[in-house]
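Remember, it's a predicted structure, so these values are computed and weren't measured experimentally. Order of appearance sets the numbers: ligands from 1, and atoms from 1 within every ligand. The figures that follow rest on heavy atoms only: side chains count, while hydrogens, waters and symmetry mates do not.
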Amino acid sequence: MPANLEGYRFFIKTFGCQMNENDSEHVAGLLIRAGAATAPSPEESDIILVNTCAVRKKSEDKIDSFLGRLSPLKKDRDRLIGVLGCVAQLRREDLFKKRPEIDFIVGPDHYHELASLLSQKREGKLLKTSWSRAWHEIGSAETLRESRISAYVPIMEGCDKFCAYCVVPFSRGREKCRPMGGILAEVLDLAKNGYKEVQLLGQNVNSYRDAKAGEDFAGLLKMISRIEGIEWIRFITSHPKDLSSEIARTMADNPNICRQLHLPLQSGSTAMLAMMNRGYTREEYLDKTTLLKGLMPDIALSTDIIVGFPGETEADFEETLDALKKVGFANIFSFRYSPRPRTAASKIRDDVPLDVKRERLIVLQELQKDIQLARNRTFIGKVLKVLCLGESKKGAGRYSGRSEGFQVVNFSSTRDVRNCFINVLITGCGPYSLHGEANL
Ligand code: 5AD
Ligand code: SF4
């Protein structure tokens, strides 16, 4: 029976990473294809979907409070409320017990059939969280994209690394790669439709492999870089252990692969990295950044840091600070460690006191703020190519975009430059953004 959701209006709230954002675009596209329409708010919708993130305790708490706010909406009309994403996959039927307002729970391996599941849904609760190694292809035509210039393209999902703190191998499952044919077809289609930037997505893109085509991630990058029309190629997330010199060289050889890389360090202490099961030492990480900078002197590196992992001493933390100074990251995402269910670290005592974690996070962020401010100042007076993503909140004539290094650039322009590449003269900066004027 074909899915039929005609007359239904849906609203999706997305938490978490780019993978979740892309999944929500897929789900929206598939529901529209089945006849449903988008609604501007939960109040005006018949189906409310909450796409969830389980990576940190804080992300899960945010979702709990959002679901709590939805619960009164159940009373005034017959609405369906569903939970998708990592919390759905992780908590499964437990969620029904805790939150009676939820009607369905669907994990990432079932999005391709969500429209038909909802069309057939009658009484009772619906739970679909089984998982397999098969890749379910959802193409460009079934994706309702937020942007008409920059597109996410999933290339793999899940993770086999089992870092001690990380819930992802349990919420997203083991690594599975998308066949290369589907990826190339999607990028070609995007190029044909005027897209200029693609962001390849996966929990560990560097371990991409298509056994049938005999290609690894570097091979895939080379193929994509030959597709005409795509000017900027990015990928996220890379694992330092799997970032080969071949990948670094492929980036350096192809100017349409952005000089930008997100390379999570997590800790600058080799002892902590071993406890975290990261599979590299401080020196190996620093060597890779030296190699990258040697090949691409203008590369913008960013990273993730966890402070207060069990057993982290003041000396370990100092090593993290020192690594930040040595690398000079363009941006960092930093978090206080929180134990997550089923992970190896959740079985050891969370022994760094909360006030110490808080203090370390502040010290780390203050140091990084200074590093970024100094780095950002070096761009003043230069002209940067910027992909304008929209108007800025500041009002008429003000726009916002990203540079090749993925920095936020706010600028003024007398011409409407939304969804265009534009050269911007950088006239000032703060620690978190650059600003300037369009060079028309
Ligand atoms: N506690 C704190 N931060 C975490 N991250 C993942 N798991 C945890 C955890 N249990 C951070 C890591 C990862 C980013 C997406 O979230 O830095 O790279
Ligand atoms: Fe989590 Fe580690 Fe896999 Fe990244 S590499 S998703 S931190 S288990």
Side-chain angles (χ1 to χ4, degrees), residues 14-21 52-63 85-87 89-90 108 154-177 200-208 217 235-243 261-269 272-280 284-285 288 301-312 316-317 320 323-324 327 329 331-352 354 356-358 360-361 364-365 368:
T14 308
F15 292 90
C17 64
Q18 294 91 335
M19 184 72 98
N20 269 11
E21 285 174 24
T52 59
C53 168
V55 78
R56 285 173 298 276
K57 168 86 172 49
K58 216 168 154 184
S59 6
E60 225 178 307
D61 293 346
K62 264 204 289 192
I63 289 150
C86 295
V87 179
Q89 193 65 38
L90 200 67
I155 66 163
M156 58 84 68
E157 190 188 350
C159 186
D160 291 348
K161 286 281 185 285
F162 291 93
C163 299
Y165 52 80
C166 186
V167 79
V168 165
F170 308 100
S171 62
R172 282 276 169 178
R174 297 304 100 76
E175 235 174 67
K176 56 179 163 189
C177 293
L200 311 178
L201 298 182
Q203 270 75 30
N204 179 13
V205 289
N206 300 160
S207 70
Y208 178 83
F217 184 58
F235 47 90
I236 191 163
T237 295
S238 292
H239 191 294
K241 185 171 178 227
D242 296 339
L243 185 92
L261 188 71
H262 185 66
L263 196 62
L265 168 63
Q266 311 298 1
S267 168
S269 148
M272 279 298 106
L273 290 170
M275 293 293 290
M276 289 175 169
N277 191 29
R278 287 292 286 173
Y280 55 88
E284 282 164 349
Y285 183 94
K288 293 214 172 172
L301 296 167
S302 59
T303 203
D304 291 344
I305 301 286
I306 298 176
V307 298
F309 185 80
E312 186 187 66
D316 292 316
F317 177 61
T320 300
L324 295 199
V327 180
F329 290 106
N331 192 13
I332 69 165
F333 299 88
S334 50
F335 315 98
R336 288 196 309 256
Y337 168 73
S338 64
R340 305 306 296 129
R342 297 174 64 186
T343 59
S346 68
K347 294 171 186 87
I348 48 180
R349 208 162 67 85
D350 181 13
D351 61 355
V352 180
L354 184 59
V356 175
K357 286 182 186 161
R358 281 205 180 112
R360 286 185 188 164
L361 195 64
L364 183 93
Q365 291 176 343
Q368 180 59 24

Shortest non-hydrogen contact from Glu21 toward Gly16: OE2-O, 4.3 Å
Using a strict cut-off of 2.8 Å, how many protein N/O/S atoms surround atom 3 (Fe) of ligand 2? 1
Classify the ring geometry between Tyr285 and Tyr280 as parallel (under 30°), tilted (30 to 60°) or perpendicular (over 60°). tilted
With a 4.5 Å heavy-atom cut-off, do [X] and [Y] have their side chains touching?
| X | Y | value |
| --- | --- | --- |
| Leu361 | Ser334 | yes |
| Pro310 | Arg349 | no |
| Thr320 | Arg360 | no |
| Gln266 | Tyr165 | yes |

Could you please provide the protein residues found below 4.0 Å of ligand 1 on a heavy-atom basis, arranged by chain and number? Val55, Arg56, Tyr165, Gln266, Asp304, Ile306, Phe335, Arg336, Tyr337, Ser338, Arg340
Considering only non-hydrogen protein atoms, determine which one is nearest to atom 7 (S) of ligand 2 and report residue, atom name and distance to 0.1 Å. Tyr165 OH, 3.3 Å
In terms of residue, atom name and distance, what is the protein heavy atom nearest to atom 4 (Fe) of ligand 2? Arg278 NH1, 4.3 Å
Could you tell me if the ring centre of Phe317 sits under 6.0 Å from that of Phe309? no
Taking Phe329's backbone N and O only, do any of them form a donor-acceptor pair with Gln368's side chain (distance below 3.5 Å, no angle check)? yes
